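Computed from a predicted model, the values in this text were never measured in an experiment. Below, chains carry the letters A, B, ... as their sequence lines are ordered, and counting in each starts from 1. Values below: all heavy atoms of this structure, side chains included; hydrogens, waters and symmetry mates excluded.
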Amino acid sequence: MINKQVEHVQAALEGVKSGMTLLLGGFGLCGIPENAIAELVAMNVNNLTCISNNAGVDDFGLGLLLQKHQIKKMISSYVGENDEFERQMLSGELDVELIPQGTLAERCRAAQAGFPAIYTPAGFGTEVAEGKETREFDGKMYVLEHAFKADFSFVKAWKGDAAGNLIFKGTARNFNPNMCGAAKITVAEVEELVPVGSLDPNQIHIPGIFIQRIFQGKNYEKRIEQRTLTPKP
Amino acid sequence: MINKQVEHVQAALEGVKSGMTLLLGGFGLCGIPENAIAELVAMNVNNLTCISNNAGVDDFGLGLLLQKHQIKKMISSYVGENDEFERQMLSGELDVELIPQGTLAERCRAAQAGFPAIYTPAGFGTEVAEGKETREFDGKMYVLEHAFKADFSFVKAWKGDAAGNLIFKGTARNFNPNMCGAAKITVAEVEELVPVGSLDPNQIHIPGIFIQRIFQGKNYEKRIEQRTLTPKP
Amino acid sequence: MLDKNGIAKRIAKEVKNGYYVNLGIGIPTLVANFVREDIEVEFQSENGILGMGPFPYEGEEDADLINAGKQTITALDGASYFDSAMSFSMIRGQHVDLTILGAMEVAENGDIANWKIPGRLVKGMGGAMDLVASAENIIVAMMHTNKRGESKLLKRCKLPLTGVNCVKKIVTNLAVIEVTPQGFKLLERAPGVSVEEIAAATEGELIVQGNIPEMTL
Amino acid sequence: MLDKNGIAKRIAKEVKNGYYVNLGIGIPTLVANFVREDIEVEFQSENGILGMGPFPYEGEEDADLINAGKQTITALDGASYFDSAMSFSMIRGQHVDLTILGAMEVAENGDIANWKIPGRLVKGMGGAMDLVASAENIIVAMMHTNKRGESKLLKRCKLPLTGVNCVKKIVTNLAVIEVTPQGFKLLERAPGVSVEEIAAATEGELIVQGNIPEMTL
């Protein structure tokens with residue numbers, strides 16, 4: 001067993017520098033690497049390119065990095081519900097590249113799996129395809145999209161072990177598995193670090209080979225964006 | 001919940017006709033759809049194109065279809081350990097297309113996921129790439145390989161429910177998940193059909209949306225090809 | 001004239017037995033409330049759940065269980081969770097049978113715009129571009145006109161497109177319309193709405209053939 | 001001169017702490033028996049296991065747990081199972097650190113042939129083409145000559161290729177050889193084997209610089 005465990009978030013983020021490109025898991029505030037984001041704020045690195053489906057909200061998630069102007073460019077599929085984001089974008093302080101959600105997922109997976117590029121139908125005929133190669137297969141048009149190239153990938157899992165094996169929970173899974181192994185170094189934070197051998201090998205979502213560092217996360221807030229309820233009968 | 005359960009293997013294979021292209025899961029004899037293969041033999045359909053990593057052994061797996069000359073063409077990555085296969089291939093009775101194992105997996109996944117084709121480095125500079133488009137990305141050469149187009153996909157899982165959700169076991173997983181949803185109709189046979197709601201949604205390997213028919217398999221032989229042992233101390 | 005729930009109720013009639021359905025944010029989300037109880041349907045949400053159930057009771061909400069609108073939800077028996085790549089395999093691979101989504105504009109040729117108003121609002125396309133580029137069966141749920149009273153059914157979209165030649169049917173507060181090679185074909189009128197009112201609210205070519213029935217809900 | 005176990009033993013010295021290793025069928029499989037106990041290594045088998053352990057004891061074999069050679073195996077603590085697409089994501093994505101495989105022929109330029117003898121034997125490439133096209137670090141384990149005494153280290157491969165310009169190192173019963181832009185560079189001699197014997201058994205250009213040490217095992 002190859003041991004990937006590091007003691008704390010500081011050790012996990014060693015080597016992160018200003019100007020780097022980062023992949024960050026999560027959908028909205030669900031399944032985001034809260035500890036890694038807090039440490040990026042503390043490290044005060046800037047000029048970051050962040051690839052993440054969303055940009056957090058004003059006071060949580062990637063919004064914390066936006067507040068401190070640490071992000072130079074965001075690559076996302078949906079960036080609503082964030083006033084500071086909108087302000088920085090419209091003022092031109094922040095460079096924003098919006099791409100289809102499935103394209104985002106698959107450009108991560110391409111990087112993980114060693115594919116240089118993929119052909120997807122998403123965005124054909126729209127401004128997303130401008131300047132990109134398009135091609136017909138069987139009468140349908142596709143856009144060539146390239147694998148991401150990132151320095152660090154930050155993911156958050158439910159359970160993990162020192163071998164780097166990960167299990168995600170519910171819809172907090174989202175982009176996290178696809179970002180594992182999609183950057184030079186993948187850092188996983190987990191709600192519960194369990195002893196090696198206690199996870200059923202049949203139920204592991206991401207094998208440890210995709211992970212370089214893993215640590216026990218702390219103080220998860222797990223904020224809910226839209227608390228929608230059914231009235232009790 | 002959309003009910004995919006059918007009563008028996010005959011109902012599951014309804015519509016299979018001579019001349020069709022079939023995807024069949026399994027690696028060697030591990031995780032093969034034993035019930036579906038037996039029924040294909042009983043149905044006596046022929047001129048089949050079978051896409052499967054291996055071709056079984058002389059008296060089991062796809063070897064049973066070979067014995068009866070039901071297969072016109074095999075698309076596989078490895079076909080050793082099967083004398084009848086070798087005889088039919090060298091005599092020209094059987095058309096054989098050998099492709100890299102990772103390419104086989106990914107051409108299935110492309111069909112499942114709606115990708116028309118993929119660029120893989122496997123086979124570049126070899127006869128596998130002959131007549132195919134090749135292309136450079138970042139100084140490395142890749143071969144364009146197309147998604148499979150198949151009529152039926154036959155997979156075997158460990159546990160499943162009437163909604164079509166599947167869980168595989170150990171290395172019997174192999175190509176089975178990648179073939180789900182990669183043909184017009186996917187038929188899953190399971191060792192244990194469990195009540196809907198009894199599988200943990202977090203542990204399902206293949207969601208039911210990829211499956212059209214599921215049935216409780218019978219009389220699994222699960223033959224071992226190479227029984228290798230460590231002497232007891 | 002229909003309200004948002006009315007639109008959702010009418011669209012619910014398009015949901016057939018055995019369908020896997022992806023519902024967009026807004027009016028489409030309401031459709032789930034009106035699907036007949038005697039048919040088998042499963043809802044997919046592109047953030048990673050199949051078999052989505054209703055909102056949870058108070059105290060049972062789970063931060064790790066949301067839909068693509070970031071709302072807390074529940075999972076029904078037979079549900080499954082999966083990653084984003086697999087979620088879009090379901091969508092791109094055309095395993096989802098029906099996609100219902102909102103729009104800012106729809107054009108005669110089936111083009112749709114729903115993700116960006118240049119210089120004013122850029123929320124992003126989320127999964128919409130994948131959905132409209134992949135789905136065989138796309139229904140748009142929207143008001144017939146925008147807040148300034150301008151038609152949203154146009155000859156050509158003015159806003160940046162989400163997808164081309166993809167919308168098959170439109171259900172608005174005024175009408176049910178099929179997108180055909182010839183243009184918008186009027187299928188049904190909302191209760192109490194005349195063909196003339198619909199024509200007046202439609203900028204694109206409106207095809208009216210024979211008697212147009214009032215919709216039943 | 002080394003026997004098969006000797007070749008495996010020498011290759012085991014190339015396995016470093018923290019390596020994920022894919023072992024081919026034949027001599028490469030034996031390498032696992034000789035890896036130092038004090039380093040952390042995990043073995044991947046492309047049919048879908050990471051953290052492969054030794055063969056099981058009698059009565060503990062499981063038809064659902066095999067390696068790519070179809071042999072019954074065990075799983076160590078920390079192991080995981082996965083599908084074929086993910087398995088080749090590990091390989092193609094260069095997450096596997098070292099690939100050790102057998103060969104029928106290797107050429108001076110790093111080309112390798114190991115899957116087909118036209119008209120005589122066609123077993124197929126299995127995962128070998130993916131492995132050699134993707135791995136940064138490929139070691140070939142083989143006998144220096146074939147059964148007819150002909151060299152397997154050639155100027156150009158004669159058999160259909162498995163991959164081009166990919167082999168980095170070769171360990172045979174006679175020698176350890178590095179594949180360089182200039183040709184086969186002799187690094188070590190097997191115990192009791194002379195440089196002349198190695199040169200005689202090598203058809204391709206053999207580069208001999210300085211004193212060639214005898215290998216230690």
Side-chain angles (χ1 to χ4, degrees), chain A residues 27-31 53-54 76-81 86 89-90 96 98-106 108-109 112 120-128 140-143 158 168-178 205-206 220-233, chain C residues 25 29 45-49 52-75 81-89 91-92 111 113 115-116 118-134 160-166:
Chain A
F27 185 100
L29 300 180
C30 183
N53 189 57
N54 314 86
S76 302
S77 90
Y78 187 85
V79 292
E81 290 94 50
E86 201 161 2
M89 179 173 56
L90 293 175
V96 178
L98 290 167
I99 61 173
Q101 197 176 132
T103 301
L104 178 56
E106 206 62 27
C108 291
R109 198 243 171 197
Q112 176 190 68
T120 178
F124 175 76
T126 76
E127 63 180 55
V128 162
K140 184 164 178 161
M141 295 301 298
Y142 297 83
V143 184
W158 178 36
F168 304 89
K169 179 159 165 267
T171 57
R173 194 181 315 185
N174 55 66
F175 290 86
N176 285 298
N178 307 127
H205 294 139
I206 284 291
Y220 283 104
E221 199 172 321
K222 303 207 334 182
R223 220 186 269 190
I224 290 175
E225 270 185 87
Q226 309 278 342
R227 189 178 305 269
T228 44
L229 301 170
T230 294
K232 282 201 182 166
Chain C
I25 299 170
T29 302
S45 198
E46 64 267 28
N47 60 316
I49 177 173
M52 182 168 46
F55 299 144
Y57 293 132
E58 188 169 356
E60 292 174 15
E61 64 271 30
D62 179 352
D64 291 329
L65 191 46
I66 64 170
N67 65 16
K70 293 157 194 163
Q71 299 170 309
T72 46
I73 53 160
T74 54
Y81 309 126
F82 35 84
D83 64 51
S84 299
M86 182 171 273
S87 182
F88 284 90
S89 292
I91 291 167
R92 198 186 310 100
D111 287 0
W115 72 285
K116 183 178 184 181
R120 210 159 64 81
L121 176 133
V122 188
K123 288 190 182 297
M125 65 293 281
M129 283 197 181
D130 304 273
L131 283 159
V132 302
S134 307
L161 297 181
T162 307
V164 295
N165 305 124
C166 53

Here the pair of heavy atoms bringing C/Ala85 nearest to A/Glu106 is CB-OE1, 3.9 Å
Mind checking the CD-OG1 spacing from C/Glu60 to A/Thr230? Nearest 0.5 Å is all I need.
9.5 Å
Of the backbone (N, CA, C, O) and the side chain (C-beta and beyond), which part of A/Asn53 lies under 4.5 Å from a heavy atom of chain C, both, or neither?
neither
For C/Glu46, is it the side chain, the backbone, both or neither that has a heavy atom under 4.5 Å from a heavy atom of chain A?
both
Taking the basic N atoms (NZ, or NE/NH1/NH2) and the acidic carboxylate oxygens, is any pair closer than 4.0 Å for A/Arg109 and C/Asp83?
no
Pick out which of C/Glu58, C/Gln71, C/Glu61 makes a side chain to side chain donor-acceptor pair (under 3.5 Å) with A/Arg227.
C/Glu61
So, does A/Thr126 use its side chain to make a donor-acceptor pair with the main chain of C/Gly163 at under 3.5 Å?
no
At their closest point, which heavy atom of A/Lys222 faces which heavy atom of C/Ala63, and how far apart are they?
O-CB, 3.3 Å
Contact origin within A/Asn174 toward chain C - heavy atom pairs under 4.5 Å
both
Where does C/Ser89 contact chain A at under 4.5 Å (heavy atoms): side chain, backbone, both or neither?
neither
Please classify the contact of C/Ala113 with chain A as side chain, backbone, both or neither, using a heavy-atom distance under 4.5 Å.
neither
Kindly say whether A/Gly102 contributes a backbone atom to a donor-acceptor pair with the side chain of C/Asp130 at under 3.5 angstrom?
yes
Side chain / backbone / both / neither for C/Asn67 at chain A, heavy atoms under 4.5 Å
backbone
For C/Ser134, is it the side chain, the backbone, both or neither that has a heavy atom under 4.5 Å from a heavy atom of chain A?
both
At a 4.5 Å cut-off on heavy atoms, which part of C/Phe88 comes close to chain A: side chain, backbone, both, or neither?
side chain
Polar side-chain atom of A/Lys140 near backbone of C/Ala133 as donor-acceptor pair, under 3.5 Å:
yes
Out of C/Ile91, C/Leu65, C/Asn47, C/Leu161, return the one with the most heavy atom pairs under 4.5 angstrom to chain A.
C/Asn47
Ignoring hydrogens and geometry, is there a side-chain-to-backbone donor-acceptor pair from C/Thr72 to A/Thr228 under 3.5 Å?
yes
Chain A heavy atoms under 4.5 Å from C/Val122: which part of the residue, side chain, backbone, both or neither?
both
Answer with side chain, backbone, both or neither: which region of A/Met141 has an atom nearer than 4.5 Å to a non-hydrogen atom of chain C?
neither
Using a 4.5 Å cut-off on heavy atoms from C-beta on, say whether the side chain of A/Glu81 contacts that of C/Lys123.
yes
Reported NZ-to-CG distance for the pair C/Lys116 and A/Leu98, which is rounded to 0.5 angstrom
7.0 Å
Between the side chain of A/Arg173 and the main-chain N/O of C/Gly48, is any donor-acceptor distance below 3.5 Å?
no
Under a 4.5 Å cutoff for heavy-atom pairs, which residue among C/Ala68, C/Pro54, C/Ser45 has the most contacts with chain A?
C/Ala68
Checking heavy atoms, do the side chain of A/Leu104, its backbone, both or neither come under 4.5 Å from chain C?
neither
